Amino acid sequence: MDQIQHKYITVQGLKLHVADVGTGPNVVVFLHGFPEIWYTWRHQMIALANARFRAIAPDYRGYGLSDPPPQPEKASFLDLDNDLLAVLDALGIPKVFLIGKDFGAWPAYIFAGLHPERTLGVVTMGVPYMPKSSRPQFINHLPEGFYISRWQEPGGRAEADFGRLDAKTVIRNVYILFSRSEIPIASENQEIMDLVDSSTPLPPWFTEEDLEVYGKLYEKSGFQTALQLPYRAMKHELGIADSTIEAPALFIMGTKDYVYEFPGMKDYITSAKLKEFVPDLEIVFLPEGTHFVHEQLPDQVNELILTFLRKHI
């Protein structure tokens, strides 16, 4: 971990934090999900640097060590695309492989669709490419207490739920919740944070030291931008047409990931529909994999990534 360098790049007046390791000519950009930060990619970054790749992992605006946007409630996925483009330009990087996990798949595929000339390949985990025209409408088939529905509410319920706990406890609870195979759904008079008992241990692959890193950074950033991006921004139109992703792509899905249980998700992933939009797509299922498959099974995931990268250099 000591070899990872930390840089700040100013984009539209915001200082964005970027973790950077390795000196190879082939560059891989890692895009985190929620409740993550750059640190979630620690195992992959070191493995790729040792394999002579350069690995870069930004904290999105409003996450980790990056500045928050002036109006977090207006942050959009296109902001993330613009930020990534500006970071690559500032670092003088013409082309990249993109690796996104959870909602990090969205900016990865948006970038690949808008900037195909700069995209060497795309790897995503847990969330497939879902253009609007074929996106499973899972929210319409789940109860009001579905965590995404709750966190999309603008009235402050999620803020109040998170606000009664310290940042470290919120991260602990979300990691435990998202490591399960069941979709997080609260009853009508229950809050999402109450789905986790305080005596429940962390997943064995996520240590107290890891939690401490997350807790300190979320104490700094808070959760305002994180609730907007991805959850509330999901509901807004991007104003861009559905794109066919021409770059080679790899999709890794843990079959114990709760996202795999979303209504319509299994059928969508295993149908021919997905490959209509990503024709050069390889899909790998990891039978024991959960939502944090890259942290849970880093050796397996690293090998899949390196095999893909070497194939498409």
Side-chain angles (χ1 to χ4, degrees), residues 29-36 60 75-81 84 97-116 119 121-142 146-152 178 181 183-185 226-286 289-294 308:
V29 175
F30 289 93
L31 302 169
H32 64 77
F34 175 81
E36 296 146 338
Y60 303 134
S76 74
F77 282 100
L78 286 180
D79 289 331
L80 301 186
D81 176 73
L84 178 54
F97 288 95
L98 299 160
I99 300 182
K101 180 261 171 186
D102 184 57
F103 91 83
W106 288 43
Y109 277 124
I110 290 170
F111 187 94
L114 293 178
H115 315 288
T119 305
V122 183
V123 180
T124 59
M125 303 171 205
V127 174
Y129 183 48
M130 295 187 291
K132 183 184 175 186
S133 59
S134 64
R135 190 176 304 162
Q137 299 300 309
F138 48 81
I139 288 183
N140 298 337
H141 302 283
L142 289 166
F146 177 45
Y147 78 99
I148 290 180
S149 300
R150 286 283 183 87
W151 292 351
Q152 283 182 338
F178 284 8
S181 299
I183 301 172
I185 299 174
L227 286 168
Q228 173 65 20
L229 272 172
Y231 301 104
R232 293 166 187 173
M234 284 180 187
K235 300 190 295 183
H236 303 308
E237 292 293 331
L238 292 177
I240 57 176
D242 289 347
S243 300
T244 297
I245 305 301
E246 301 295 346
L250 170 66
F251 175 55
I252 302 170
M253 188 79 213
T255 58
K256 293 187 177 180
D257 187 333
Y258 71 89
V259 174
Y260 199 46
E261 300 301 322
F262 284 6
M265 188 63 78
K266 285 182 185 177
D267 290 342
Y268 175 67
I269 291 171
T270 56
S271 73
K273 195 72 178 174
L274 181 52
K275 289 196 176 183
E276 289 180 17
F277 292 97
V278 194
D280 191 4
L281 174 67
E282 177 186 1
I283 301 175
V284 176
F285 293 99
L286 296 181
T290 64
H291 192 60
F292 301 101
V293 67
H294 62 301
F308 174 83

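None of the values given here were measured: they were computed from a predicted structure.
A salt bridge (Lys or Arg N to Asp or Glu O under 4.0 Å) check over residues 103-116, counting only residues at least two apart or in different chains, returns nothing.
Rounding to the nearest 0.5 angstrom, the gap separating the CG atom in Leu80 from the CG atom in Leu229 is 5.0 Å. Going from atom NE2 of His294 over to atom CD1 of Ile252 covers 10.5 Å, rounded to the nearest 0.5 Å. With rounding to the nearest 0.5 Å, the separation of CG in Leu142 from CD1 in Ile148 is 8.5 Å. Here CG of Asp79 is found 12.5 Å from CG of Leu84. Values are rounded to the nearest 0.5 Å. Tyr129 contributes atom OH, which lies 12.0 Å from atom CG of Leu281 (distance to the nearest 0.5 angstrom). For the atom pair CG (Leu98) and OG1 (Thr124), the distance works out to 10.5 Å, reported to the nearest 0.5 Å.
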Practice problem: Given side chain to side chain contact (heavy atoms under 4.5 Å, CB included), test Val293 with Lys101 step by step and report yes or no. | Solution: CA-CA 9 Å; Val293 67; Lys101 180 261 171 186; 6.0 Å; no
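Looking at every heavy atom in both residues, Ser76 comes nearest to Ala233 through CA-CB, 4.5 Å. Of all the heavy atoms in Met130 and Met265, the pair that sits closest is SD-CE, 3.9 Å. In this structure, Thr119 and Ala112 approach most closely via the heavy-atom pair OG1-CA, 3.4 Å. Shown here for Asp102 and Gly33, the closest heavy-atom pair between the two residues is OD2-CA, 3.6 Å. Looking at every heavy atom in both residues, Pro128 comes nearest to Tyr268 through CG-CE2, 4.0 Å. In terms of heavy atoms, Gln228 sits closest to Ala75 at NE2-O, 2.9 Å.
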Report, one line per pair, each donor and acceptor closer than 3.5 Å where one atom sits in a side chain of residues 253-260; sequence neighbours left out.
unit_1: Thr255; atom_1: OG1; unit_2: Pro287; atom_2: O; d: 2.9
unit_1: Lys256; atom_1: NZ; unit_2: Glu288; atom_2: OE1; d: 2.9
unit_1: Asp257; atom_1: OD1; unit_2: Val259; atom_2: N; d: 2.9
unit_1: Asp257; atom_1: OD1; unit_2: His291; atom_2: ND1; d: 3.0
unit_1: Asp257; atom_1: OD2; unit_2: His291; atom_2: ND1; d: 3.2
unit_1: Tyr258; atom_1: OH; unit_2: Tyr147; atom_2: OH; d: 2.8

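Aromatic ring pairs are classed by plane angle as parallel below 30°, tilted from 30° to 60° and perpendicular above 60°; the pair Tyr60 and Phe103 is tilted. Ring geometry, Phe34 versus Tyr231: the interplanar angle exceeds 60°, so the pair is classed perpendicular (tilted spans 30 to 60°).
The aromatic ring centres of Phe77 and Tyr109 sit 6.0 Å or more apart.
With sequence neighbours left out, the salt bridge (Lys or Arg N to Asp or Glu O under 4.0 Å) criterion links Glu276 to Lys273. Taking the salt bridge (Lys or Arg N to Asp or Glu O under 4.0 Å) definition, one finds that Glu261 meets it with Lys266, sequence neighbours left out. For Lys275, there are no salt bridge (Lys or Arg N to Asp or Glu O under 4.0 Å) partners two or more places apart in sequence or in a different chain. Applying the side-chain contact (heavy atoms from CB on, under 4.5 Å) test to Pro279 and every residue at least two apart in sequence or in another chain returns Thr244, Glu246.
Side-chain contact between Val278 and Phe251: absent, with no pair of heavy atoms (C-beta onward) separated by less than 4.5 Å. Annotation: side chain of Phe285 is in contact with side chain of Ile269 (closest heavy-atom distance under 4.5 Å).
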